[in-house]
Peer 1: 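Quick one: structure below, then a few questions.
Index from 1, following the sequence. Fair warning: this is a prediction, and the values are worked out from it, not measured in the lab. Start at 1 and go down the list; that is how both ligands and their atoms are numbered.
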Amino acid sequence: MVETIQWTGDGVVMIDQTRLPREEVYVTCRDYREVADAIRTMVIRGAPAIGVAAAMGVALGALRSQNLHAEFETICETLAKTRPTAVNLFWAIERMRRLYRSMNGRPAAEIRKRLVEEAIEIRREDIAINEAIGRHGADLIPDGKTALTHCNAGALATAGFGTALGVIRAAVAAGKKIDVFADETRPFLQGARLTVWELMRDGIPATLITDNMAGHFLKSGRIGCVVVGADRIAANGDVANKVGTYGVAVLAHENGVPFYVAAPISTLDLSLACGDQIPIEERPAQEVTHVFGTQVAPDGVRVANPAFDVTPHRYVTAIITERGVARPPFAETLRKLAG
Ligand code: MRU
C-alpha cells in the first residue's frame, strides 16, 4: 500500500499527489508553513489525509518553535486557513489544541513530545478507522457488478486503505468479483491521476471514464452501486464531496442504483443543520482554463471553480462509518453513531 504521509526525523514526508501518476516523488516538509502550503497546493489532499497533515503540521510547528506558547496559536491558525471544506482539518487541529491546553503548566519539551505522539497516533488511528469502514461497507457492495466512484477517496486521500476505496478493497478481499468505474473528476483529475493508479497497483480491475459518461453507464444496468467519500456531512445527512458528486447521486437515484458515502465519524459536522451551511472552497481559475499547463480556454474568460458540491440527503442510500452504517432518517442515525 502506498505511504501517503509519514512522520520522520527529518520532517513530514508526503507523496506529491500533484505529480502522480507520472512521477512517484516524496516531499519533506521541515516547517509547519511548508505543511500548510502542501495542503493548499494539494500535494496532499482528501479530507482524512488533510486532517493527518494538519496534526503533523501542528506537531512540527511546536517542535521547531522558539517560544511554544507565543507561537502555538499562529501555527494552528495558519494550518486552519489552508482549505475550508474538509472538516477533518479543523477536527484534527482542535484535537491538537485540546491536548496542548490539557498540558498547561507542563515543561515545553514534554508538551512538544506529546504533540508529536498525538499526530502519529492520529495517523495510526486513521488507517484503523478506514479498515473498520471497509468491514462495515463490504457487505453493501453487490457481487459480480461494477462500483462507480468519483474523485479519489482511497489510500492517497487518507493515511492508508481509503474510505470509499477501502470499502471496495474490503469487498474484494472478501472474495467479491467486482470492478470499478472511476470518474476522471475534472478539473483536478483525481480519478484519472490517483484512483485508477491506486486500483491498478492493487490489481483491482478499473475503468477510467470522463465525468459526463457516468449517466450513460448508470442507466446501462452494469453499475451495482456508487460509493464515494465525503469532506463534510451535516446533521441531516447532506454530504459535501468533490464537485460532480451531486450529479452522480441524482443520476444514481434516477436509475435505482444505491448511492453510498463512506466517511469517518470525524467527517460529521453535527453543528450544521444542513448542507447549505457547509463552506464551499473556490479554487484558482487556472485549474479550469489550463490542463497540465496548457491553456484550453480563451484569455480573460470568466471562470467558476467550486471544489465541492452538496448532495442532499434524500439521494444518499447509506453512510458507512467506522462505527457502523447509518440509513435514513440520518438526523437520528448519525447522531446515534456520533454518540
Ligand atoms: O479536493 P480534494 O481532492 O481534497 O477532494 C477530495 C474529495 O472530495 C474526497 O472525496 C473526500 O475528501 C473524501 S477522501 C477519503
Side-chain angles (χ1 to χ4, degrees), residues 2 4-5 14-18 20 38-54 82-92 123 126-127 129-134 137 147-169 180 182-195 197-198 211 226-233 239-249 259-269 275 278-284 287-288 305-311 316 319-322:
V2 59
T4 308
I5 179 164
M14 308 168 186
I15 190 165
D16 186 343
Q17 300 194 30
T18 64
L20 284 172
I39 297 172
R40 196 176 300 108
T41 58
M42 292 169 71
V43 165
I44 189 157
R45 33 66 49 202
I50 291 172
V52 175
T82 49
R83 297 193 71 191
T85 304
V87 76
N88 308 60
L89 176 82
F90 308 101
W91 170 88
R123 176 185 176 279
D126 186 59
I127 299 170
I129 285 168
N130 295 329
E131 288 168 350
I133 290 173
L148 186 141
T149 191
H150 188 75
C151 194
N152 172 269
L156 289 166
T158 63
F161 200 67
T163 56
L165 294 194
V167 170
I168 287 164
R169 286 193 166 97
V180 179
D183 287 349
E184 69 170 347
T185 319
R186 273 284 287 158
F188 211 70
L189 303 178
Q190 290 92 332
R193 295 188 303 102
L194 309 176
T195 297
W197 179 80
E198 247 194 80
D211 297 347
V226 175
V227 56
V228 297
D231 284 82
R232 199 186 287 228
I233 301 174
V239 174
N241 190 49
K242 179 52 53 196
V243 72
T245 303
Y246 174 33
V248 174
F259 181 89
Y260 298 120
V261 175
I265 294 290
S266 56
T267 300
L268 301 182
D269 186 353
I278 298 175
I280 301 294
E281 176 184 9
E282 184 73 23
R283 296 214 34 105
E287 288 179 1
V288 177
N305 187 14
F308 302 95
D309 60 23
V310 175
T311 298
V316 178
I319 297 174
I320 307 159
T321 77
E322 70 272 30

Peer 1: Just to be sure I understand the cut-off, which residues have at least one non-hydrogen atom under 4.0 angstrom from an atom of ligand 1?
Peer 2: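 Only M42, R45, G46, A47, P48, R83, C151, N152, A153, A157, T158, T163, Q190, G229, A230, D231, N241, K242, F308 have heavy atoms that fall under 4.0 Å of ligand 1, ordered by chain and number.
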Peer 1: Determine, step by step, whether E198 and R169 satisfy the salt bridge (charged side-chain N to carboxylate O under 4.0 Å, His left out) criterion, reporting the C-alpha distance in whole Å, the side-chain angles of both residues, the deciding distance to 0.1 Å, and the verdict.
Peer 2: CA-CA 11 Å; E198 247 194 80; R169 286 193 166 97; 2.8 Å; yes
Peer 1: Taking salt bridge (charged side-chain N to carboxylate O under 4.0 Å, His left out) as the definition, give me every residue that meets it alongside R283, ordered by chain and number, with sequence neighbours left out.
Peer 2: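 Counting only residues at least two positions away or on another chain, R283 forms a salt bridge (charged side-chain N to carboxylate O under 4.0 Å, His left out) with E281, E287.
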Peer 1: Using the side chain to side chain contact (heavy atoms under 4.5 Å, CB included) definition, which of the options D183, V228, T149, T185 pairs with T245?
Peer 2: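 Output: one option passes, namely V228.
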Peer 1: Is there a side chain to side chain contact (heavy atoms under 4.5 Å, CB included) between Q17 and T4? Walk through the geometry before answering.
Peer 2: CA-CA 9 Å; Q17 300 194 30; T4 308; 3.6 Å; yes
Peer 1: Nearest 0.5 angstrom please: K242 NZ to D231 CG, how far?
Peer 2: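 Result: 7.0 Å between the selected atoms.
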Peer 1: Go through the steps to decide whether D269 and R232 satisfy the test salt bridge (charged side-chain N to carboxylate O under 4.0 Å, His left out), and finish with yes or no.
Peer 2: CA-CA 6 Å; D269 186 353; R232 199 186 287 228; 2.7 Å; yes
